[in-house]
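To start, the structure itself, in structure tokens.
Nothing fancy with the numbering, it's 1 onward along the sequence. Computed from heavy atoms alone, side chains included, the values below leave out hydrogens, waters and symmetry copies.
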Amino acid sequence: MFSVDDTIVAVATPVGRGGIGVVRISGPDAARIAAALTGATRDLEPRRATFARVHTTGAGEVADQVIVTFFPSPHSYTGEDVVEISGHGSPVLLRGIVSAALGAGARLAEPGEFTLRAFLRERIDLVQAEAVRDLVDAVTPLQARAAYDQLEGTLTGRIKAIDERVFDLTVRLEASLDFPEEGYHFVESGDASREIGEVAAAIDDLLASAARGRLVREGLQAAIVGRPNAGKSSLFNALAGAGRAIVTEIPGTTRDLLTEVVDVGGIPLTLVDTAGIREGARDPVEREGIARAVAARDVAHLLVVVLDGSQALTDDDRAILGATDRRARVVVASKCDLAAAWRPRDLGIDVVPVSAKTAEGLERFRQALVAAAGGESTRDVPAITNIRHADLLERARAALTRAAAAADARIPEEFVVSDLTEVRRLLEEVTGARTADDVLHAIFDRFCIGK
Ligand SMILES: Nc1nc2c(ncn2[C@@H]2O[C@H](COP(=O)(O)OP(=O)(O)OP(=O)(O)O)[C@@H](O)[C@H]2O)c(=O)[nH]1
Ligand SMILES: [Mg+2]
């Protein structure tokens with residue numbers, strides 16, 4: 001279903017302009033195609049950056065000075081012959097180089113196809129291939145760190161170790177099944193359930209980080225809501241970087257939803273600044289802004305309710321508190337650099353005083369956000385960040401529970417063996433030792449071209 005016999009080409013650097021741009025060619029004809037592009041007469045020296053000139057012909061003719069590097073199979077990213085051509089980072093030049101490569105017999109790579117080939121040629125396993133995508137997509141240092149660990153094989157190693165224990169136990173149980181009349185049991189009674197328990201504990205250990213891992217990888221959406229002029233945009237700017245949202249003393253300044261991803265305790269929070277919500281707005285633009293604010297409030301994972309700490313509470317404040325009291329939220333008393341007009345404790349709920357002006361209370365506010373997001377603010381790198389992995393491990397864990405119950409109930413060994421075989425199948429699906437083509441399609445389709 002996947003063809004790996006032809007030679008593929010794509011621009012590996014992002015769309016747009018840059019100091020350099022890299023065209024990657026992989027496959028049996030990579031070196032020949034590179035030679036055709038550069039007019040080289042000598043073979044490329046392996047792994048040596050070599051200066052060359054590319055001069056393409058025909059329509060869309062381009063010329064550039066480039067650096068060509070040849071990575072012969074199997075010591076390359078894909079495991080195939082790979083040539084990387086670094087030209088100047090202009091879309092016109094890079095497109096020209098790609099079309100010349102196409103003219104010389106290459107095929108345009110599909111999204112993720114370089115990494116797919118690395119997987120199919122067993123340079124990396126599926127966990128590592130997914131880690132490549134996560135590393136490229138990371139928006140917080142903790143996301144990048146978790147992906148790096150997976151790329152280095154930390155998770156694969158732990159899963160393989162679990163798989164080996166299950167395999168070992170399965171073999172011994174099968175041996176007991178095969179030679180029943182010898183009266184010799186390769187697994188002492190009680191040993192099977194103990195060993196199954198140890199494997200289950202190892203999986204539980206991995207799964208313990210899954211919820212936080214998902215938070216670290218996928219993040220959450222947090223909407224900042226409150227009445228007009230409460231200080232929402234100022235707070236948004238304090239977290240997202242000054243000047244992102246317009247701030248004025250005129251109530252009803254913000255109309256559109258503004259979003260910005262910020263790293264809060266290792267969790268990528270998509271902060272949404274919204275229009276001030278109030279009753280009785282007449283202006284049609286403000287009314288549309290309020291409708292959007294209410295919609296954002298209703299879909300966000302998490303809410304930041306901003307109450308102006310320097311002004312007496314109004315009916316609009318009470319309405320917003322009431323509308324959000326069953327939601328995950330952090331309630332903030334803004335402008336705490338000014339004289340307080342009400343006491344947070346009179347509200348009977350936790351309120352974090354902050355000042356966007358002096359930054360007072362921002363750290364406590366960040367911690368409250370992390371707590372409301374359901375994560376603890378540690379910088380520990382979670383082992384599992386991928387929902388596909390978590391799901392397969394949960395299923396493996398359930399099959400182990402069945403195996404343990406069968407072993408305890410002294411049900412014939414074949415039942416235990418069949419549950420353990422299911423555990424191994426699930427573990428191997430994580431690393432991709434056994435994975436259906438449609439799963440692979442689903443995974444690699446989410447890559448961008450050139451990766
Ligand atoms: N002293 C002081 N003033 C603040 C603080 N935060 C906001 N303000 C002022 O409060 C006014 C309203 O601030 P915004 O951030 O625009 O309020 P908002 O909730 O986004 O308002 P709308 O977009 O109109 O709903 C501005 O004049 C800000 O300068 C603060 O921490 N301290
Ligand atoms: Mg605003």
Practice prompt. Output, in order, the C-alpha distance, side-chain angles, deciding distance and verdict of side chain to side chain contact (heavy atoms under 4.5 Å, CB included) for V416 and I196.
Written response: CA-CA 10 Å; V416 183; I196 292 169; 4.1 Å; yes
Worksheet item: Could you go step by step and tell me if T38 and I85 meet the side chain to side chain contact (heavy atoms under 4.5 Å, CB included) rule?
Response: CA-CA 10 Å; T38 55; I85 302 178; 5.5 Å; no
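- The backbone N or O of L307 sits less than 3.5 Å from a side-chain atom of S334, completing a donor-acceptor pair.
- In this structure, R297 contributes its side chain and T324 its backbone to no donor-acceptor pair below 3.5 Å.
- Separating the CD1 atom in I33 from the CG atom in L37 is a distance of 7.5 Å, to the nearest 0.5 Å.
- Residue R53 places its CZ atom among 12 or fewer non-hydrogen atoms of other residues, nucleotides or ligands, all under 6.0 Å distant.
- The OG1 atom of T435 sits 6.5 Å away from atom CD1 of I443, with the distance rounded to the nearest 0.5 Å.
- Contacts classified as side chain to side chain donor-acceptor pair (under 3.5 Å) and involving residues 7-25 (residues at least two apart or in different chains) are not found.
- Here the side chains of I8 and R117 are in contact, with some heavy-atom distance below 4.5 Å.
- In terms of heavy-atom proximity, A129 sits nearest to F444 at CB-CZ, 3.7 Å.
- Two residues are said to be in side-chain contact when any heavy atoms from C-beta on lie closer than 4.5 Å; D273 and R244 fail this criterion.
- Residue L116 holds its CG atom at 10.5 Å from CZ of R121, rounded to the nearest 0.5 Å.
- Annotation: the span from D419 atom CG to R424 atom CZ amounts to 14.5 Å, rounded to 0.5 Å.
- A salt bridge links E198 with R194; the closest basic N to acidic carboxylate O contact falls under 4.0 Å.
- The backbone N or O of L271 lies less than 3.5 Å from no partner atom in the side chain of T259, so there is not a single donor-acceptor pair.
- In this structure the side chain of V423 never reaches within 4.5 angstrom of the side chain of D163, judged on heavy atoms.
- Of the possible polar contacts, none joining the S193 side chain to the A404 backbone as a donor-acceptor pair under 3.5 Å is found.
- With no hydrogens or angles considered, no side-chain donor-acceptor pair links R95 and S99 at under 3.5 Å.
- The shortest heavy-atom contact between S233 and T254 is OG-OG1, 2.8 Å.
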Worksheet entry | salt bridge (charged side-chain N to carboxylate O under 4.0 Å, His left out) evaluation trace for E288 with R292 | CA-CA 6 Å; E288 176 59 26; R292 289 176 189 210; 2.9 Å; yes
Practice prompt. Any chance you could lay out the side chain to side chain contact (heavy atoms under 4.5 Å, CB included) test for F447 and V132, step after step, and finish with the verdict?
Written response: CA-CA 9 Å; F447 278 68; V132 168; 4.2 Å; yes
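- Listed for the N237 side chain is a donor-acceptor partner under 3.5 Å among the backbone atoms of A245.
- Two residues are said to be in side-chain contact when any heavy atoms from C-beta on lie closer than 4.5 Å; V304 and F365 meet this criterion.
- Looking at S76, its side chain never comes within 3.5 Å of a backbone N or O of P72 through a donor-acceptor pair.
- Using a distance-only test at 3.5 Å, with no hydrogens or angles considered, no donor-acceptor pair links the side chain of H55 to the main chain of A63.
- Counting only distance, with no hydrogens or angles, the side chain of D64 and the backbone of V66 share no donor-acceptor pair below 3.5 Å.
- Residue pairs satisfying the side chain to side chain donor-acceptor pair (under 3.5 Å) criterion with at least one member in residues 128-145, sequence neighbours excluded, are listed as follows: E130-N386, E130-R388, E130-H389, D134-R217, R145-D149.
- In this structure, V82 and F114 have side chains that are not in contact, with every pair of non-hydrogen atoms separated by 4.5 Å or more.
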Item to complete: Take E195 and R165, measure what salt bridge (charged side-chain N to carboxylate O under 4.0 Å, His left out) needs, and give me the verdict at the end.
Response: CA-CA 8 Å; E195 288 182 44; R165 295 196 64 174; 5.3 Å; no
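- Between V11 and V98, the closest side-chain pair of non-hydrogen atoms falls below 4.5 Å.
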Fill in: Intermediate values then yes/no, side chain to side chain contact (heavy atoms under 4.5 Å, CB included), L426 and V430
CA-CA 7 Å; L426 291 161; V430 177; over 6 Å; no
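- In terms of heavy atoms, V354 sits closest to L362 at CG1-N, 4.3 Å.
- Across every non-hydrogen atom of L427 and I159, the tightest pair is O-CG2, 3.9 Å.
- For S209 (side chain) and A383 (main-chain N/O), a donor-acceptor pair under 3.5 Å exists by modelled atom type.
- Here the rule is side chain to side chain contact (heavy atoms under 4.5 Å, CB included) with V331, and of I320, I349, L303, V306 only I349 fits it.
- Other residues, nucleotides and ligands place no more than 12 heavy atoms under 6.0 Å from the CG atom of D350.
- Counting only heavy atoms from C-beta outward, the side chains of L440 and F119 approach each other to under 4.5 Å.
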Item to complete: Assess whether side chain to side chain donor-acceptor pair (under 3.5 Å) is satisfied between T401 and R397, documenting all intermediate values.
Response: CA-CA 6 Å; T401 306; R397 181 67 181 79; 3.0 Å; yes
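- A pairwise comparison of heavy atoms in A104 and A36 identifies CB-CB, 4.3 Å as the closest pair.
- No more than 12 heavy atoms of other residues, nucleotides or ligands shown are found within 6.0 angstrom of CD on E122.
- At least one donor-acceptor pair closer than 3.5 Å links the side chain of D81 to the backbone N or O of S73.
- Among all heavy-atom pairs drawn from G96 and V62, the shortest one is CA-CG2, 3.7 Å.
- Between L347 and L321, the closest side-chain pair of non-hydrogen atoms falls below 4.5 Å.
- Summarising the geometry, atom CD belonging to E164 is positioned 13.5 Å from atom CG belonging to L169; distances are rounded to the nearest 0.5 Å.
- One distance of note links CD of E260 with OG1 of T270; it measures 9.5 Å at 0.5 Å rounding.
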